[in-house]
There are 2 protein chains.
Amino acid sequence: MAANRRPTLADVAREVGVSAKTVSRVLNEDGPASARTREQVLAAVAKLGFQPNLMARNIRVGGPDTTIGLVVPDLGNPFFGAVAGGIEDVVRDRGLTLLMGSSADEPARERGLTDKFLARRISILMVIPSVGSDHSHLRSHRSTGLPIVFVDRPGAGLTTDSVVSSNLAGAHEGVAHLIAHGHRRIGFVGDLPTNLYTRRERLAGYRSALAEAGLPHDRSLVINAHDQHGASVCTSRLLELASPPTALFAGNNIVALGMVAELARIKRKDVAVVAFDDVPLAEALEPALTVVAQDPEEIGRKAAETALARLDGDRSRARTITVPTRLIVRGSGELTAS
Amino acid sequence: MAANRRPTLADVAREVGVSAKTVSRVLNEDGPASARTREQVLAAVAKLGFQPNLMARNIRVGGPDTTIGLVVPDLGNPFFGAVAGGIEDVVRDRGLTLLMGSSADEPARERGLTDKFLARRISILMVIPSVGSDHSHLRSHRSTGLPIVFVDRPGAGLTTDSVVSSNLAGAHEGVAHLIAHGHRRIGFVGDLPTNLYTRRERLAGYRSALAEAGLPHDRSLVINAHDQHGASVCTSRLLELASPPTALFAGNNIVALGMVAELARIKRKDVAVVAFDDVPLAEALEPALTVVAQDPEEIGRKAAETALARLDGDRSRARTITVPTRLIVRGSGELTAS
DNA sequence: ATGAAAGCGCTAACAC
DNA sequence: GTGTTAGCGCTTTCAT
C-alpha cells in the first residue's frame, strides 16, 4: 500500500488492450478514435486513477513548461502577494501556474531561485530584483525566446521589459500636498539600503517637490529604516531635532506602519503625514492617513500581459511600463504648519 | 537569435569529446572523474551556458518533482502570504520550491489546481480547503506515499494531517475578556459562508464563553459578512438594534478591518471590540485594538515539518496540530459596559 | 482508426 | 576513470 507506482499510459493501454498511442490520442483529442475505444479508455483511466505525467509530456514535446517563475523579496509582504494575485488573474486562462520563491532581497538567493526556475524550463520569468543583483547571465535565456520581466524595480545588466509604479511623480505629489498646507520642513523616512531603486526615485520626487516650491533641501531631514521598528526610531529621532519637521513623508508601507505607530505612541497628532503605499485601516486612524497609493494588482497584471505578448511573438523593443499612483487625501496631510 | 535550442548534456559531451554519462557524473558529483575531465566539462558547461533539464532528470530518476504544491484561497490576503513564508522557510534547505495558486474558495478551482499539481508529480500537497470541497479523490495519491496536509481548515473525505489555529479556545478567551469587563450583550460578526470551519469554531468559542458566564445566547447578535464592506454594514446594523450590544467580536481579520473602519466612521469609541487575527496598526488605533492573534508563519512551519517527516518515512497515524492563539490586550476590550 | 518504432534529455546498470 | 546500452513516460513519425 505504501509506495505504489502511479499508473502510466502503458498501464491504461494494457488494461484496455490497445496501444499507448491510442490512449494518448484519446486524452489529447489528437487524431481520430472510435467512440467505443474512447469510452473504454476513459473508463480505464478513471478506474486506474491515471493522471498523465506532465514532465514526461513536456520533455517529449520540447516546449517550455507551463509555469511562470516569480521571485519576490518576501512572501509575507502583502504588496508582493497582491502583485502575484494580479499576475495569476491574467495567466490563469492560459493554463500557466505560478512557481514562487522569496529572495529576502539577497542576490545569491535570487540567483538560486532563478537558476532552479530555469532548470524547470519555465515559460516566463518575473523577478523583483534584489539590490545588487546582476542579471547579465539571463541574456542567453532571453535569446532563446524566454520572456523576462522585472517587476517593481528595474534589473541590472539586461535590457528587458519592466513594470514599475510612478514612484517619482507619486512622491512629488504627496510632498507637494504637504507643502500646499504650509509645511516647509518635511522629514523623509525611506527604505534601506539607500540605493534601493524605489527609495531613490521617491527621494527624488521629494526633492523635486521641495525644489519646485523653492524650499531648501536639508539633509538632516532624510533618514532611513529597514523595518517597522527602525521606522519608529527614525520618526522619534526626526522629531527630536533642534529644528524638527512639521510634516513627515513615509517612503513605503512598512515605514508608514512604524511611523504611524510611533506618532500614536507619543501622542503627536500635530505632525502632518503622507505615506507612500496604502495601508489597511488608514481611514480609521486619527487623523486618517493620507497616502500615495500604488496598485500592486495592476502592476502584476501589466507584467503578465507584457510577458504573454512576448510569448505570442511580440518582438518590439523592451518597454518600461509605469503604473500610476494615486494620492488619496484622508486628512493627515492637511494639518497646517504651526 | 530568436528560438535557439538550449544546449543539452550531449552538446556538452560533444564539445569536450567525452560521453554524456561522464558529463552527468561531473555535474552530479556521482562516480569518479579525473581532475582534467572535470575542468574541461565545467569549462564547456560555462561556455555553452548549459543548464540541466530538471524535468528530464526527474523523469529518469522516477522520484517526485522537488516542488510542493500549495493552494490558498487568495494570494493577496496577508494571512496566507505569511503561511506560505513559513512553509518556504522550512522546505528551502531541502531544495523544494513552491508551486502556488489561488482557489478563490471555489471547489472547482481548487480541484483544477490540485490536479495540475499532481500531474507535475509534486513531492508534497498542501491545501487550504475551500468550503464544499471533497478530497476523497486524493486517496489514491496518499496511498502512493504523497504527503498531504490541510492547512488552516480540515479537509473533507480524506484522513490526513492538518494544522489549524486554536480557533475555539482563542475566541473563547477573547469573548471572556469582554465579559470580564462587564459586557453582557456581545455582538459577533463572522465569516461567510456560515459553514466555514473557522467561523463555526470561533462561534462555538463565543458561545462557550457566554455559557460559562451564564449569559444568554441571543441569536440576533450573531451576523455574518463576506468582505470588509459587508462587515461595516453588519457593524452598524448591530448597533442599531433596539437593545444593541455594548461590545463586538470580529471573527477574522477582514471583518476586523470593516468593523473598526465603521466604528471610526460613526465615531463610536464607547463600543468595546476584540478581533480574531491581528491587523497592522492595531496599536495606533484609538482605542488600540485588542486581538486574538494567530501565528500564520508558525502554521506554515508546522505544516511543512509534518509533511517533511512523512516524506522521511513517518507512517504514524494522521494528526491534527493546533497552533495556539494569543490574546493581545491593547485597550479596546477594556471599555466597561455602561 | 490504430499500431510500431524512434527519440525527447537524462541517468541506472553494467561493462571495460 | 570512462563508455555503452537501455529505458523513464510520453509523443512524433510513419506504417498499416
Side-chain angles (χ1 to χ4, degrees), chain A residues 3-42 44-45 48-66 116 118-123 141 144, chain B residues 3-42 44-45 48-66 116 118-123 141 144:
Chain A
N4 268 321
R5 229 176 88 275
R6 289 219 62 84
T8 72
L9 250 199
D11 294 327
V12 178
R14 201 170 310 121
E15 174 86 13
V16 184
V18 82
S19 86
K21 178 61 211 181
T22 301
V23 179
S24 168
R25 272 197 268 258
V26 172
L27 264 50
N28 298 310
E29 306 191 333
D30 198 17
S34 75
R36 197 175 120 69
T37 310
R38 162 177 283 102
E39 271 178 53
Q40 288 183 304
V41 167
L42 261 25
V45 164
L48 301 180
F50 169 77
Q51 273 183 310
N53 184 325
L54 213 57
M55 294 191 292
R57 172 174 221 286
N58 273 328
I59 241 225
R60 179 67 255 236
V61 173
D65 190 13
T66 54
K116 256 195 205 158
L118 294 168
R120 290 212 141 69
R121 302 298 188 264
I122 51 175
S123 291
H141 291 90
T144 313
Chain B
N4 267 321
R5 226 176 89 272
R6 290 222 60 88
T8 74
L9 250 199
D11 294 328
V12 178
R14 202 172 309 121
E15 175 86 13
V16 184
V18 82
S19 85
K21 179 63 208 181
T22 300
V23 178
S24 168
R25 272 198 267 260
V26 172
L27 264 52
N28 297 310
E29 305 189 335
D30 197 16
S34 76
R36 197 174 119 67
T37 312
R38 164 179 281 100
E39 271 179 50
Q40 289 183 304
V41 166
L42 261 27
V45 164
L48 300 181
F50 169 77
Q51 272 184 312
N53 185 326
L54 212 57
M55 294 190 292
R57 173 176 219 286
N58 273 328
I59 239 224
R60 175 67 251 233
V61 174
D65 191 12
T66 55
K116 258 196 204 159
L118 294 167
R120 290 216 144 67
R121 301 299 187 263
I122 51 176
S123 292
H141 292 89
T144 314

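Worth saying up front: this structure is predicted, and the values here are computed from it rather than measured. Each chain gets a letter, A, B and so on, in the order the sequences are listed, and its residues count up from 1.
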Worksheet item: Quick one: A/M55 CE to D/dT11 C1', roughly how many Å, whole number?
Response: 16 Å
Worksheet, complete the sentence: note: B/R121, atom CZ; D/dC8, atom P; distance rounded to Å ~ 15 Å
Item to complete: Return the set of residues passing salt bridge (charged side-chain N to carboxylate O under 4.0 Å, His left out) with B/R60 (not counting sequence neighbours), or none when no residue passes.
Response: none
Worksheet item: CG of A/L27 to CZ of A/F50: how many Å apart, nearest 0.5 Å?
Response: 6.0 Å
Item to complete: Report the residue (B/G17 or A/A56) whose heavy-atom-nearest nucleotide on DNA chain D is the more 5′ of the two.
Response: B/G17
Worksheet, complete the sentence: Between B/T37 and A/P7, whichever has its closest DNA chain D nucleotide further toward 5' is B/T37
Worksheet item: Is it true that B/R57 and B/D65 have a side-chain N and a carboxylate O under 4.0 angstrom from each other?
Response: no
Worksheet item: Looking at CD of A/E29 and CZ of A/R38, how far apart are the two atoms once the value is rounded to the nearest 0.5 Å?
Response: 7.0 Å
Discussion item. Without decimals, in angstroms, what is the distance between B/R14 CZ and D/dG3 P?
Written reply: 14 Å
Discussion item. So if I take every side-chain heavy atom of B/K21 and compare against D/dT13, D/dG3, D/dC8, which nucleotide ends up nearest?
Written reply: D/dG3
Discussion item. Below the 4.0 Å mark, does D/dG3 have OP1 or OP2 next to a side-chain nitrogen or oxygen of B/S19?
Written reply: yes
Worksheet item: Salt bridge or not for B/D11 and B/R6, using N-O below 4.0 Å?
Response: no
Item to complete: Kindly compute the distance separating CD1 (A/I59) from CG (A/N53), expressed to the nearest 0.5 Å.
Response: 10.0 Å
Practice prompt. Check each residue of residues 24-34 of chain A for a non-hydrogen atom within less than 4.0 Å of any atom in DNA chain C, then write out the ones that pass by number, or none.
Written response: A/R25, A/P32, A/A33, A/S34
Worksheet item: Under the 3.5 angstrom rule, does the side chain of A/N28 hit a backbone N or O of A/R25 as a donor-acceptor pair?
Response: no
Worksheet item: Roughly, in whole Å, what's the span from CD in B/Q40 to C1' in D/dG1?
Response: 13 Å
Worksheet item: Looking at A/R57, does any N or O in its side chain come under 4.0 Å of the phosphate oxygens OP1/OP2 on D/dT11?
Response: yes
Worksheet entry | Interface limits on DNA chain C, where chain A has a heavy atom under 4.0 Å of a nucleotide atom | C/dA1 to C/dG9
Worksheet item: If you measure from CZ on A/R121 to CE on B/M55, what distance do you get to the nearest 0.5 Å?
Response: 7.0 Å
Practice prompt. Indicate whether the side chain of A/R14 and that of A/S19 have a donor and an acceptor atom separated by less than 3.5 Å.
Written response: no
